[in-house]
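Notes follow once the structure below has been shown.
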Amino acid sequence: MGNIILKITALIFGIALWFLVISQKDFQLKLDAPLQFVKLPESMAVASKPPQTLPITLEGKSWDLIRLQHQFKNKSNVVSMIVDLQKAELGGTRIHLDSKNFVAPSFPDVRFVEPDNQLLFIDLDLDTRISRNVPIRPNIQFNAAQGYLLADQPHITPEELKVSGARNALTRIIDIPTDSIIFDSLYSSQKFNVPLDFSVLPAFVNPSDSTIQVSVNIQKMDTKSFSGVPVNLIGFYDKAKYYLDPDTVSVEITGGKQALDSIAASNILLVLEYNRFEIEDVDSLPPTVKLILPPEINRDMAIKAIQIKPEKIKLQKKADKPAEQSAATAERTAATEQEKGK
């Protein structure tokens, strides 16, 4: 029993001694430290795309390096290489990096190791800073629920985004897209906040915002009917000789409910061009429909179908009227004359 306790004690003592020796020895650690650019004058901007990280070698005690590596995996700002641009000049420049650029605030005993037989450097291109408004390109799909429709083009606010950066970089930007998003089964008009996709922007271009607002007009599908809508015969023709049969029709319009609520019979204009009958060599044609709508209504999207009953209108000559119709006309004329005599 005593031998076992002695062996365990020796083992513990040996492990402790090993840890003590290890903790006093310097080791090295390689990692990719993030680059931080500071003190750049407001009138200047980075026009190139420098690396985001730089491979460096660190030296220190084992426990310090173990803790540093663990924290570095969770927080990238534990270690960084600081690039001071306070005295930078316009144009291309090469900046040498050494221990003066190394920062690890929580690990004062960890040191930067200068690489053997080489220099660490980055190349930068600096240009004049400007600002401009860039159009926003929506990359969003809106799908109305069954029985509903998208009654207008989605409206984005703002339509342009102010960005600032290097002159050379900003002149290459055509537009800024939104994230690619699909909104399905919409039952009502809504407003959505949509993130912008900055992956297309050059490095060091600063946008004034990261999201836009998109408004969509969703309306319930409905149908509205109008009876006795007149059909107008237009063009150069003998008005005493020709007439349309029938000269009034019923019109059924299908579309968004709010759009239909704004339509009256007076907003519907039905016309037939006299010359079409001769050109197409037919005696009946469907009339052309013109809807006079308020400017806020998008006809192409809010109006889905227009049906006319009857679908076609005949061009008749008055001499071709049936006898019954002529007799009825004569009877009405006689009745009118009799009323005048009274």
Within a strict 4.5 Å, meaning less than it, do heavy atoms of the Leu272 and Leu315 side chains meet? no
Is Glu278 atom CD crowded by more than 12 heavy atoms from other residues, nucleotides or ligands, each under 6.0 Å away? no
Looking at CG of Asn168 and OG of Ser48, how far apart are the two atoms once the value is rounded to the nearest 0.5 Å? 10.0 Å
Is Glu280 atom CD crowded by more than 12 heavy atoms from other residues, nucleotides or ligands, each under 6.0 Å away? yes
Is a donor on one side and an acceptor on the other found under 3.5 Å between the side chain of Arg111 and the backbone of Asp109? yes
Determine the minimum heavy-atom distance between Val163 and Pro207, stating which atoms define it. CG1-CA, 3.8 Å
Indicate whether any N or O donor in one side chain lies under 3.5 Å from an N or O acceptor in the other, for Asp152 and Asn217. no
So for atom NZ, which belongs to Lys257, do other residues, nucleotides or ligands contribute more than 12 heavy atoms lying within a distance under 6.0 Å? no
Answer yes or no: is there an ion pair linking Arg94 with Asp123, defined by an N-O contact shorter than 4.0 Å? yes
Are Lys318 and Tyr243 side-chain neighbours, meaning at least one heavy-atom pair lies under 4.5 Å? yes
Smallest heavy-atom separation, Glu273 atom then Gly235 atom, equals OE2-CA, 3.7 Å
Could you tell me if the side chain of Gln69 sits less than 4.5 Å from the side chain of Leu65, heavy atoms only? no
Are any side-chain N or O atoms of Asn101 and backbone N or O atoms of Ile82, one a donor and one an acceptor, separated by less than 3.5 Å? yes
Heavy-atom nearest pair, Ala302 first then Ala259, reads CB-CB, 3.8 Å
Short side-chain to backbone donor-acceptor contact, Thr178 and Pro195, under 3.5 Å: no
Is the shortest side-chain heavy-atom distance between Gln307 and Lys309 below 4.5 Å? yes
Crowding at CD, Gln190 (>12 non-hydrogen neighbours, <6.0 Å): yes
Check whether any side-chain N or O of Asn232 sits under 3.5 Å from a backbone N or O of Leu270 as a donor-acceptor pair, and report yes or no. yes
Can Phe192 and Gln213 be said to form a side-chain contact (heavy atoms from CB on, under 4.5 Å), step by step? CA-CA 6 Å; Phe192 300 90; Gln213 189 176 80; over 6 Å; no
Determine the minimum heavy-atom distance between Asp175 and Pro177, stating which atoms define it. O-CD, 4.0 Å
Donor-acceptor pair, distance only, cut-off 3.5 Å: does the side chain of Arg129 make one with the backbone of Arg167? no
Starting from the C-alpha separation in whole Å, work towards a yes-or-no answer on side-chain contact (heavy atoms from CB on, under 4.5 Å) for Leu233 and Val271. CA-CA 6 Å; Leu233 183 63; Val271 296; over 6 Å; no
Phe112 CZ to Glu59 CD distance, which is reported to the nearest 0.5 Å: 12.0 Å
At what distance, to the nearest 0.5 angstrom, does OG of Ser284 lie from CZ of Phe277? 7.5 Å
Main-chain N/O of Ile181 paired with Asp179 side-chain donor or acceptor, under 3.5 Å: no
Do Val113 and Gln28 have side chains that get closer than 4.5 Å, going by heavy atoms? yes
Asp281 atom CG, neighbour heavy-atom count above 12 within 6.0 Å: no
If we only count heavy atoms from C-beta on, is the Leu58 to Phe102 side-chain gap below 4.5 Å? yes
Provide the closest heavy-atom pair for Pro50 versus Val46 in the form atom of the first, atom of the second, distance. CD-CG1, 4.1 Å
Hey, what do you get for CD1 (Ile176) to CG (Leu161), rounding to the nearest 0.5 Å? 4.5 Å
CZ of Arg299 to NZ of Lys304: how many Å apart, nearest 0.5 Å? 12.0 Å
For the side chain to side chain contact (heavy atoms under 4.5 Å, CB included) test, which of Val249, Ile308, Ile292, Ile253 pairs with Ile268? Ile253
Expected list for residues 220-230: side-chain donor-acceptor pairs under 3.5 angstrom, two or more places apart:
{"unit_1": "Thr223", "atom_1": "OG1", "unit_2": "Thr254", "atom_2": "OG1", "d": "3.3"}
{"unit_1": "Lys224", "atom_1": "NZ", "unit_2": "Leu260", "atom_2": "O", "d": "3.2"}
{"unit_1": "Lys224", "atom_1": "NZ", "unit_2": "Ile263", "atom_2": "O", "d": "2.8"}

Does any N or O in the side chain of Ser185 come within less than 3.5 Å of the main-chain N or O of Ala145, such that one atom is a donor and the other an acceptor? no
Are the side chains of Lys162 and Ser131 in touch, meaning some heavy atoms are under 4.5 Å apart? yes
Please report the C-alpha distance between Asn143 and Asp184 in whole Å, then the side-chain angles of each, then the deciding distance to 0.1 Å, and finally whether the side chain to side chain donor-acceptor pair (under 3.5 Å) criterion is met. CA-CA 5 Å; Asn143 298 321; Asp184 270 324; 2.5 Å; yes
Mind checking whether Val194 and Leu150 sit in one hydrophobic cluster, side chains of I, L, V, M, F, W, Y counted as touching below 4.5 Å? yes
Hey, are Thr57 and Lys30 close enough side-chain-wise for a donor-acceptor pair under 3.5 Å? yes
Please report whether the ring centroid of Phe236 lies less than 6.0 Å from that of Tyr274. no
Heavy-atom closest pair (Gly92 atom, Asp125 atom, distance to 0.1 Å) is N-OD1, 3.7 Å
What's the spacing between Ile303 CD1 and Leu293 CG if we round to 0.5 Å? 6.0 Å
Glu114 side chain near Ser99 side chain, heavy-atom distance below 4.5 Å: yes
Got a donor-acceptor contact below 3.5 angstrom from the Asn267 side chain to the Ala264 backbone? yes
Using the six-membered ring wherever Trp is involved, compare the ring planes of Phe142 and Phe183 and label them parallel, tilted or perpendicular (cut-offs 30° and 60°). parallel
